[in-house]
Amino acid sequence: MARVVVVGAGIVGAASAYRLAERGLEVLLLEKEATFARGSTGRSAAGVRVQFSEPLNVLLSYHSILEYRGIPEAAYRPTGYLFLVPEGLAEAQEEALRVQKALGVPVEKLSLAEAQKKVPFREEGLAYATFGPMDGTIDPYGATAHYLREARRLGAEVRFSEAFLSARREGGLWRVETAKGRYEAPYLLLSAGAWTGEVGRRLGLEIPIYPVRRMVFATAPVPFPHAFPLTIDLATGFYFRSEGPRLLFGRSNPKEPPGFREGMDWGWLSPTLEAGLARFPILEGLSLDRRASWWGYYEVTPDHNPILGFVEEGLLVAAGFSGHGVQQAAMVGRLMAEEVAFGQAQSLDIGPFRLSRFREGRPLRERGIV
C-alpha cells in the first residue's frame with residue numbers, strides 16, 4: 001500500500017514525489033499522459049525569478065533557484081530579469097524592492113541609463129528599473145526528469161498513462177480509482193496543474209484553480225548578436241528575452257476566458273507586438289517563426305497565488321501557481337514532504353497560501369504577475 005498517492009507528473013508533482021520518498025514514505029505517482037512534463041511544465045517559458053512582492057513568493061523562488069543551480073539537468077542560467085517600472089507603479093515597486101532586500105535576495109535598482117546598457121528601450125513614462133542577477137532560466141524538462149529519477153531511486157513508483165478517476169475517504173485511507181487499478185493511501189497530493197480544479201471536483205471538493213491559455217511567440221534567428229535578460233515592461237506586461245539565436249516574447253491576454261481552449265491565438269499577436277514595439281524599437285523588422293511559437297496553460301487562482309498544503313484530512317494540494325510553478329517547484333516539493341512527515345511545513349510558513357484564505361475571504365495581492 002502506498003502511503004502517499006501523488007497526482008500529476010509535472011515538475012511540482014515530481015519534486016514532491018522525490019522529497020516524500022526521501023522522507024522514507026512509500027510513494028505512487030499517477031500521470032494521465034504517456035510521459036512527464038506534458039502540461040504547463042513542458043510549455044513553460046522557463047523563467048525563474050525572485051522579484052515578487054509577496055514574501056512567500058520571494059522565498060519559494062529563492063530557495064528553489066538555490067536548488068536548481070546544483071542540479072546539472074536543470075541547466076540553470078543566471079541571465080537576469082529586468083523590470084522596467086512606469087511612473088504609476090514606482091511606489092508599489094519600491095515597496096516590493098524593500099521586501100526583497102529585507103529577505104536578503106539579490107535585486108538591484110537601476111537608473112534608466114544603467115538599464116539601457118542591458119536592453120535598449122524607449123524611456124517615456126518610466127521611472128527606473130530593477131534587475132535580479134540571480135534570476136534567469138532553467139530547463140523544466142531536465143529538472144523534472146531529475147526529480148523522477150531520484151524518486152524512483154528511493155523506491156517511488158511512477159505510472160504513466162493512468163488517469164485519476166475518483167477517490168473517497170474511508171477508514172482513514174484515500175481509496176483511489178483509475179482506469180487501470182485501485183489504490184489505497186493515507187495521503188493524497190493533487191499537483192495536476194491546470195487540471196487540479198477538475199480533479200478536486202471528482203472528489204466533491206471545490207478547489208478554485210482554473211486553466212487560462214497563454215502564448216509564447218518566437219522570432220526567426222535574429223541578424224545581430226544579443227544576450228538580453230528577460231525584460232518586462234510593467235506598463236503593458238510585454239516581455240521578451242534571448243533564446244539562442246532567437247527572441248521569445250509574449251504578453252498575457254487579460255480577456256482570455258478560462259477553460260481548456262487549445263491552439264495558438266494568432267489574433268493576439270498584433271496587440272502583443274503593438275505593446276512591444278512601442279517600448280522596444282529593436283524588435284522592428286524581425287521575422288516571426290510560427291513553428292517555433294507555442295501555447296500552454298497558466299493554472300490560475302482568484303488571487304494568482306498558489307494553493308499549498310492540507311485542505312482536508314489526508315488531502316494536500318500543490319497547484320495554482322499562475323505561471324510560477326517551474327520557478328517554485330523545488331522548494332514546494334520539500335514543503336509538501338514536510339506537511340506529510342510533520343503534519344505542517346517546517347522550512348517556511350505556508351499559511352498565507354492555504355486554501356482557507358479563500359474560504360475566509362482573505363485573498364493576497366501579488367503585484368509581480370506577468
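Position 1 is the first residue of the sequence; numbering continues from there.
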Give a yes-or-no answer on whether the side chains of N305 and E54 include a donor-acceptor pair shorter than 3.5 Å. no
Are the side chains of T41 and Y141 in touch, meaning some heavy atoms are under 4.5 Å apart? no
Charged N-O contact under 4.0 Å between E284 and R122: yes
To the nearest 0.5 Å, what is the distance between CZ (F217) and CG (L273)? 7.5 Å
When every non-hydrogen atom of A21 is compared with those of L154, the smallest separation belongs to CB-CB, 3.8 Å
Worked verdict on E262 versus W295 for side-chain contact (heavy atoms from CB on, under 4.5 Å): CA-CA 8 Å; E262 298 186 355; W295 64 276; 3.7 Å; yes
Does R213 pair with E256 as a salt bridge, N-O distance under 4.0 Å? yes
Has E91 got more than 12 heavy atoms of other residues, nucleotides or ligands less than 6.0 Å from its CD? no
R214 NZ/CZ over Y298 ring centroid, <6.0 Å and within 45° of normal: yes
Exactly one candidate in L348, L60, D303 meets side chain to side chain contact (heavy atoms under 4.5 Å, CB included) with F353; the answer is L60
Min side-chain heavy-atom separation R241-T137 under 4.5 Å: yes
If you measure from CG on L56 to CG on L335, what distance do you get to the nearest 0.5 Å? 8.0 Å
Just verifying a value: how many Å separate Q327 CD and I138 CD1, rounded to the nearest 0.5 Å? 9.0 Å
Is any side-chain heavy atom of F121 less than 4.5 Å from a side-chain heavy atom of Q116? yes
Evaluate whether atom CZ of R362 has more than 12 neighbouring non-hydrogen atoms of other residues, nucleotides or ligands under 6.0 angstrom away. yes
Between L283 and L230, is there shared hydrophobic-cluster membership here, with clusters defined by ILVMFWY side-chain heavy atoms closer than 4.5 Å? no
Between the CD atom in E22 and the CZ atom in R153, the distance rounded to the nearest 0.5 Å is 8.5 Å
From CA spacing to verdict: side-chain contact (heavy atoms from CB on, under 4.5 Å), V50, V107: CA-CA 8 Å; V50 298; V107 181; 3.9 Å; yes
Face-on cation placement of R251 at F249 ring, 6.0 Å and 45° thresholds: no
Ion pair E243/R77, N-O distance below 4.0 Å: yes
Could you check W195 against F260 for ring-ring contact (aromatic ring centres under 6.0 Å, His included), going step by step and ending with a plain yes or no? CA-CA 9 Å; W195 287 265; F260 289 104; 5.0 Å; yes
What do you reckon, is CD of E274 surrounded by more than 12 foreign heavy atoms closer than 6.0 Å? no
Between the main-chain N or O of E124 and the side-chain N or O of R279, is there a donor-acceptor pair closer than 3.5 Å? yes
Can you tell if the side chain of P229 reaches within under 4.5 Å of the side chain of Y81, non-hydrogen atoms only? no
So which atom in L126 and which in L112 form the shortest heavy-atom distance, rounded to 0.1 Å? O-CD1, 3.7 Å
Where G325 and V12 come nearest, the two heavy atoms and their spacing: O-CG2, 4.0 Å
In the structure I gave you, are the side-chain heavy atoms of M336 and I350 within less than 4.5 Å of one another anywhere? yes
Walk me through whether L355 and V317 qualify under side-chain contact (heavy atoms from CB on, under 4.5 Å). CA-CA 9 Å; L355 176 62; V317 173; over 6 Å; no
Main chain of R49, side chain of S61: is a donor-acceptor contact present, judged purely on distance under 3.5 Å? yes
Is a salt bridge present between E312 and R169, judged by a nitrogen-to-oxygen distance below 4.0 Å? no
Report whether V58 and I65 are members of the same hydrophobic cluster (ILVMFWY, side-chain heavy atoms less than 4.5 Å apart, transitive linking). yes
A9 to F160 - nearest heavy-atom pair and separation: CB-CE2, 4.1 Å
Using the rule that Ile, Leu, Val, Met, Phe, Trp and Tyr join whenever any side-chain heavy atoms are under 4.5 Å apart, tell me whether F238 and F228 fall into a single cluster. yes
Ion pair E67/R19, N-O distance below 4.0 Å: yes
Quiz question: by atom type and distance under 3.5 Å, do the side chains of Y183 and E162 form a donor-acceptor pair? yes
Is there a side-chain contact between K32 and V199 in this structure, where contact means two heavy atoms from C-beta onward sitting under 4.5 Å apart? no
Determine whether a donor-acceptor pair (N or O, by modelled atom type, separation under 3.5 Å) exists between the side chain of Y128 and the backbone of K109. no
Which atoms form the tightest heavy-atom contact between D139 and A75, and what is the distance? CB-CB, 4.0 Å
Decide whether M134 and L59 are clustered together by the hydrophobic rule: side chain heavy atoms of Ile, Leu, Val, Met, Phe, Trp, Tyr closer than 4.5 Å, transitively. yes
On a heavy-atom basis, the closest approach of R246 and P221 is NH1-CD, 3.8 Å
Under a 3.5 Å cutoff, is there a donor and acceptor pairing between the side chains of E299 and T196? no
Please lay out, stage by stage, how Y187 and L25 fare under the test side-chain contact (heavy atoms from CB on, under 4.5 Å). CA-CA 10 Å; Y187 300 100; L25 295 159; 5.7 Å; no
Could you tell me if the side chain of Q344 sits less than 4.5 Å from the side chain of E338, heavy atoms only? no
Determine whether P302 and P363 make a side-chain contact, defined as any pair of heavy atoms from C-beta on separated by less than 4.5 Å. no
Is there a continuous path of hydrophobic side-chain contacts, each under 4.5 Å between heavy atoms, that joins Y210 to I307? no
From the list R354, R23, R334, salt bridge (charged side-chain N to carboxylate O under 4.0 Å, His left out) partner of E339 resolves to R354
Here the gap from L110 atom CG to L84 atom CG, rounded to the nearest 0.5 Å, amounts to 9.5 Å
Straight-line distance of S166 OG to R182 CZ, nearest 0.5 Å: 8.5 Å
Can any side-chain N or O of S356 pair as donor or acceptor with the backbone N or O of R359 at less than 3.5 Å? no
Checking the side chain of E31 only, and the main-chain atoms of E33 only, is there a donor and an acceptor separated by less than 3.5 Å? yes
With the threshold set at 4.0 Å, does a side-chain nitrogen-carboxylate oxygen contact exist between R202 and E198? yes
Is there a donor-acceptor pair closer than 3.5 Å between any side-chain N or O of W294 and the backbone N or O of R43? yes
